[in-house]
Protein chains: 2
Amino acid sequence: MIEKLLLKLRARDAVAPEEEEALLGAMGEVEDIPARKTVVKRGETLNRSMLLVEGLMCRFKDLRSGRRQITALHVAGDFLDLHGFTLKHLDHDVMSLAPCRIALFPHDRLTRITEERPHLTRLLWFSTNLDAAIHREWELSLGQRTGPSKAAHLLCELYTRLQIVGLIGEGRFDLPMNQTEFGECLGLTVVHTNRVLRELRERGLAHFRNGKVRIYDMERLRAFAEFDPTYLYLAALAR
Amino acid sequence: MIEKLLLKLRARDAVAPEEEEALLGAMGEVEDIPARKTVVKRGETLNRSMLLVEGLMCRFKDLRSGRRQITALHVAGDFLDLHGFTLKHLDHDVMSLAPCRIALFPHDRLTRITEERPHLTRLLWFSTNLDAAIHREWELSLGQRTGPSKAAHLLCELYTRLQIVGLIGEGRFDLPMNQTEFGECLGLTVVHTNRVLRELRERGLAHFRNGKVRIYDMERLRAFAEFDPTYLYLAALAR
DNA sequence: CGTTATATTGAAGTGCGTCAAAAAGTGTGG
DNA sequence: CCACACTTTTTGACGCACTTCAATATAACG
């Protein structure tokens, strides 16, 4: 159940067998969630955090105009709201994009980890700091990159993150969301997102449609996106 | 030296006297930094984190085109790179905007805190999670708000954050940066930033020039910006 | 095989960028 | 106290990336 979490953590630091045990011991119920279901609403009091075991989830904030910004995407092995452990409630919603499986980690058990396992605590803390690093890269994309470059960059990021947890095959991966949602990650409307994706396709870089991504030329895609995976803090920079 | 940090933390949770002592005990050297000096470069190995005691600092990332995104602003009482404690190096630069005073916290002393003081550890963890919450709000601004709305929102945020540490007087505060830098927070060029600020002025909302902000009408400014301070996680929602 | 979600295209409008220059403010040295 | 250099703010003209509105095509699904 926590294999992908361990793959993710071990791509950054050593996890001792007894820490692995402690994580397993902190895990509670497992739930299956249908696609497009909100699992946490902003402001609601939290007493557990969720690990995404399988599927794709997002976090988002919206304006009264109806415009919505997806602030984070989460793949298998990611905690969805570990930050909720110290924040106690969230400033955003958390929603599934595809059918998902999640595992719950009661906060009292996480508190015990902070009391008994300083190194594991720092690992979990690291994990929320990694989320923040990704937020910063998205700020850079949202504020400064052009449409095509943002889109290419996001595809590179997802490729790298999915590769760590073994979900990439032959330059392809599943991205079970539609172009509206993809655009909501990039701060673009669907119409423009569609045009931007067409450009990536016509340039022979990548293809995204119907929840499937096909990378045509990773080297050129990375160059085009100015993608530097340093911000993903991979200890052994696996490409 | 850590008074403003304590004001900031106590606006969110109780800090016991012995925790205050522990923080003081973890503090090392104090340094004065001139304006516009880079204090951490991306990638450099860190063995201490910095608390901003006085002044204004920013973190930023840039593209080869020269376009730069400021991903965070920091006021007195903020840690600048507490996330560097678990990340070991940063994905961005940290730079002073005005002359600043900083206090260094060696990482080995922070490690001891994680070994001996779980509640204080969670408070420090919270503090990095608060930074991430602000990143998310900036993602929303960068991706979805219009120029004038972004600018108004940032002024509201800074007003609130500065108020917590006692740096607001009579609807005015110092913001020692120029319009180029203000624009780099918003993903706008100087030229457009200037026009956006003119609009806020002409609407009778706020004025920013030469490092000084004057709020003309806070109620209307907040409404205009759709500013909801929930994301700043103030326990007792002080306005 | 119809129904609904998703992707795609066209045309027109606009917010913001770019380029260029002027105006205003700030600091320094004589 | 003024002259000069530099930084910061402001304005104008023009172009383009992205939005909006509207419609059509294509795929997914019971």
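Just so we're clear, the structure is a prediction, and the values are computed from it rather than from any experiment. Residue numbers begin at 1 in each chain, while the letters A, B, ... track the order of the sequences.
Residue contacts shown for G187(B) are limited to sugar-phosphate atoms, with no base heavy atom under 4.0 Å away. Using a 4.0 Å heavy-atom distance criterion, V191(A) is classed as a base contact.
Side chains of H135(B) and E139(A): a donor on one and an acceptor on the other come within 3.5 Å.
Between the P atom of dG15(C) and the CZ atom of R198(B) lies a distance of 14 Å, rounded to the nearest Å. Taking atom CE on M177(A) and atom P on dA7(C), their separation rounds to 11 Å, with Å as the unit. Residue N210(B) contributes atom CG, which lies 18 Å from atom P of dA23(C) at whole-angstrom precision. Distance E199(B) CD to dT9(D) C1': 18 Å, rounded to the nearest Å. Rounded to an integer number of Å, the gap from CZ of F182(B) to P of dT10(D) is 13 Å. To the nearest angstrom, P of dT6(C) lies 7 Å from CD of E181(A). Rounded to whole Å, the distance from CG on L188(A) to P on dT8(C) is 15 Å. Atom NZ in K212(A) sits about 15 Å away from atom P in dA27(D), given to the nearest Å.
Considering only side-chain N and O atoms, R195(A) lies nowhere under 4.0 angstrom from the phosphate OP1 or OP2 of dA7(C). Listed pair N194(A) / dT8(C) meets the phosphate criterion, a side-chain N or O lying under 4.0 Å from OP1 or OP2. Under 4.0 angstrom from either OP1 or OP2 of dA24(C) there lies no side-chain N or O belonging to R209(B). OP1 or OP2 of dA17(D) has not a single side-chain nitrogen or oxygen of R145(A) nearer than 4.0 Å. Look at T146(A) and you won't find any side-chain N or O under 4.0 angstrom from OP1 or OP2 of dA17(D).
Nearest to the side-chain atoms of T189(B) among the listed nucleotides dT18(C), dT8(D), dT10(D) stands dT18(C).
Under the 4.5 Å side-chain criterion, counting only non-hydrogen atoms from C-beta, L52(B) is not in contact with V75(B). Side chains of R59(B) and R136(A) form a contact here, defined as non-hydrogen atoms less than 4.5 Å apart.
Between K61(A) and E137(B) a salt bridge is recorded (basic side-chain N to carboxylate O distance below 4.0 Å).
With DNA chain D read from its 5' end, the first of the two nearest nucleotides for R201(B) and V196(A) is the one closest to R201(B). Along DNA chain C, the nucleotide nearest N178(A) and the nucleotide nearest V190(B) are compared for position; the residue whose nucleotide lies closer to the 5' end is N178(A).
For H92(A) and H83(A), the ring centers are positioned less than 6.0 Å apart.
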